[in-house]
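Chain A is the first sequence line, chain B the second, and so forth, proteins listed ahead of strands; every chain is numbered from 1.
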Amino acid sequence: MSPVQYAATLPDKWGEHVSKLPRNKLYLSGKCILYVWNEPSGSMQGTRNKMDILYKAGARLMTEYDPERVTHIVASLDTQKNVLQMCGIRKVTELPVHIKTVTWEWIVHQIQGINHTEIYYEPFISRMKQVSQAAKGEAAKDDASSSAKPSYLETSARKREETDDEGSPKKKAKHGPGFQPLQPPSLDASSSSNFDPLAEFYEQAKLMDEFEVEEDEEKPQAVTPSEASEGSKTRWQCDGAPVNSGACPNQDIVDKLLELREIHSARQGSDDMWRTFSYRKSIANIKAFPKRIESYSDARSIKGVGDKTALKIMEIVQTGELERLKHARTDDIVVAQLFQGIYGVGPATAFSWYSQGLRTLEDVKNGKNGVSLSLVQEIGLKFYDDINDRMPRSEAAEIFCKIRQIALTIDAKLYMEIMGSFRRGKATCGDIDILLTRPTDDGKTHHDVMRVLLRRLHEEEILTYDLATPDDLDDLEATYRGLCQVDTAPGRRQRRIDILSVPYGSLGGALLYYTFNRSMRLKASHMGYSLNQRGLYKGVVRDPRDRNKKLSPGTLMDGLSEKEIFDILGVPWQEPHQRVRS
DNA sequence: AGGCCGTACTG
DNA sequence: CAGTAC
DNA sequence: GCCT
């Protein structure tokens, strides 16, 4: 059955189901979506799954191009030529600007209630400029008063992000009726594989872990009014912010515990290390707890919250304060936290400096008492504020697109993916995290790409400082860490960037690894496998006396797709609704 | 009582 | 090797 | 710190 034929069966299959859904679950209602699938059809199942998802979210699924009706085209870099073919055009720039082209990720974010403007999901570089200019024009129209800053996404796109998405009258669906923890974004490739098992995994993970959610490394984004209120009409509520940030009924508790966690993580010693680890987990679960915690047993019912933390929570609930916090924030801790804001400085260095009498960043800069900095720490100190700042989503998008553009001139078959908080739909990003690989079906690899790319990016002055360069630049697996800037204008902020390449056979493993490191790895290890960024290893033998010690590393099962890894680990890759399928 | 993720780069 | 970052 |  062709995709078109399949689409025709959807009303029979899901029509009734959809008609029963409450309005706020029809995340895509009013959208006329043309879904462009991948031709190799190796993953027809993927196409069907996605069509199901689109239909069930209330979208109008188009099977042919009608410029009068289509509002969105879901595509990827890989499907560009299919787009041209389906639309009967020769270049994507011929598409009218009112039709949005987006990656599948946009769909996922819509369903999660994350409402970033479509520009951020533009799969085609050649279309970016015209689309963003069109958006800028629109923005200028309803915002004539603001003195526009020049940079192209900064003003227009970001403003749109902060106000609202046009054409989506629906308010973001917060927690639905009853408890529904924030569903983490899926990781479908915006520019490659056509199938997305990760969304399904999340469903499964929710069932397995119940309240236990993935920890979120992000520091809370303090959305203070002062930060955004310059310009009277700006709303400081970030519409694109994650669904759970504003609505958490236990935010005060979370904040206090976070402070405590920060204190422990600033101290040296393995005890504090594990306490930090523990807090991270309990805090993540508290964030996801759907109602106000009122009693000790409420608190204890949350996974990762034990006796001690429950008592602390009750103290916060009853007094609004945590006595321990005042007591704990001693001078050495405060200074150590300050020092550890320097990239490359951890607890050991910070306390060593403190014990040598250093107290301020000035002291450090002046090399007081003969302290010296490593090269990395010099950079970390010089750009202390920049590195600890978060960048607007638009800036991450812009930098990534520039880099992708350059990379594709090196090798047009490269696969690039932006990971991290950008991919998770955050409104601001702490860094830019780029995954790089290349299919090997033509016998070539990306073995020399990292070297050339880094050189080019330095030449273009996009990369400015190296923090860590791979030992072997020709290795298919290599990690680069550094600083970058969106343009060379003086005073541009320096942003943290990581570029990591993986062998193509490890793509599936890498995507999983960087998304679900904890639960997935845990399950793998329980089943006698081991999952790392290279992929899945089988036949791992662990010392029964010390599960950490591997007697045998096992052998790499190379080239597994994500689906195969799911299968092996016994994680059903189908969403509940798809199992209903006969 | 002992595990809690594992890996790579820097100096 | 310890320290650091992810 | 929590969990087994």
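Residue A/T479 is classed as having no contact, given no heavy-atom separation below 4.0 Å to the nucleic acid. Using a 4.0 Å heavy-atom cutoff across all strands shown, A/R267 reaches no nucleic acid atom at all. No engagement by A/T276 is indicated, since no non-hydrogen atom pair under 4.0 Å with the nucleic acid exists. At a threshold of 4.0 angstrom between heavy atoms, the contacts of A/D272 with the nucleic acid are absent. Looking at heavy-atom distances under 4.0 Å, A/T349 makes contact with sugar-phosphate atoms alone, never a base. Contact annotation for A/D307: backbone-only contact, meaning every heavy-atom pair under 4.0 Å involves sugar-phosphate atoms and none involves a base.
When rounded to the nearest whole Å, the span between CG of A/D471 and P of B/dT10 equals 7 Å. C/dC6 atom C1' lies 8 Å from atom CG of A/D433, rounded to whole Å. We find that OH of A/Y529 is positioned 18 Å from P of B/dG6, with the value rounded to whole Å. A/D498 places its CG atom 9 Å from the C1' atom of C/dA5, with the value rounded to the nearest Å. What separates CZ of A/R481 from C1' of C/dT4 is a distance of 10 Å, to the nearest Å. Rounding to whole angstrom units, CD of residue A/E378 and C1' of B/dG11 are separated by 14 Å. The interatomic distance linking A/Y537 (OH) with B/dG6 (C1') rounds to 11 Å, in whole Å. Between the OH atom of A/Y343 and the P atom of C/dG3 there is a distance of 18 Å, rounded to whole Å.
Between A/R329 and A/E259 there is a salt bridge, since a side-chain N of the basic residue sits under 4.0 Å from a carboxylate O of the acidic one.
Listed candidates were D/dG1, B/dA8, C/dA5. Nearest to the side chain of A/F277 is D/dG1. Considering only the side chain of A/R534, B/dA8 comes nearest among B/dC9, D/dG1, B/dA8. You'll find that the side chain of A/R496 is closest to C/dA5, out of D/dG1, C/dA5, C/dT4. Checked against D/dG1, B/dA8, B/dC9, the side chain of A/R275 finds its nearest nucleotide in D/dG1. Distance from the side chain of A/A348 is smallest for C/dT4 among the nucleotides B/dC9, C/dT4, D/dG1. Distances were taken from every side-chain heavy atom of A/Y279 (C-beta onward) to each of B/dT10, D/dG1, B/dG11; the shortest belongs to D/dG1.
For A/R495 (side chain) and A/D431 (main-chain N/O), no donor-acceptor pair under 3.5 Å exists by modelled atom type. Checking side-chain atoms of A/Q485 against main-chain N and O of A/R493 turns up no donor-acceptor pair under 3.5 Å.
Dashed line: the shortest gap from a side-chain N or O of A/K312 to OP1 or OP2 of D/dG1 is under 4.0 Å. Distances shown here put a side-chain N or O of A/T309 below 4.0 Å from the OP1 or OP2 atom of D/dC2. Taking only side-chain nitrogens and oxygens, A/R324 comes nearer than 4.0 Å to OP1 or OP2 of D/dG1. When the side-chain nitrogen and oxygen atoms of A/S278 are compared with OP1 and OP2 of D/dC3, none of them lie within a distance under 4.0 Å.
Residues that satisfy the ring-ring contact (aromatic ring centres under 6.0 Å, His included) test with A/F422, not counting sequence neighbours, are absent from this structure.
Judged by distance alone, the side chains of A/D466 and A/H458 do bring a donor and an acceptor atom under 3.5 Å apart.
Rounding to the nearest 0.5 Å gives a distance of 6.5 Å between CG of A/L483 and CZ of A/R496.
Taking the P atoms as reference points, B/dC5 lies 14 Å from D/dT4, given to the whole Å.
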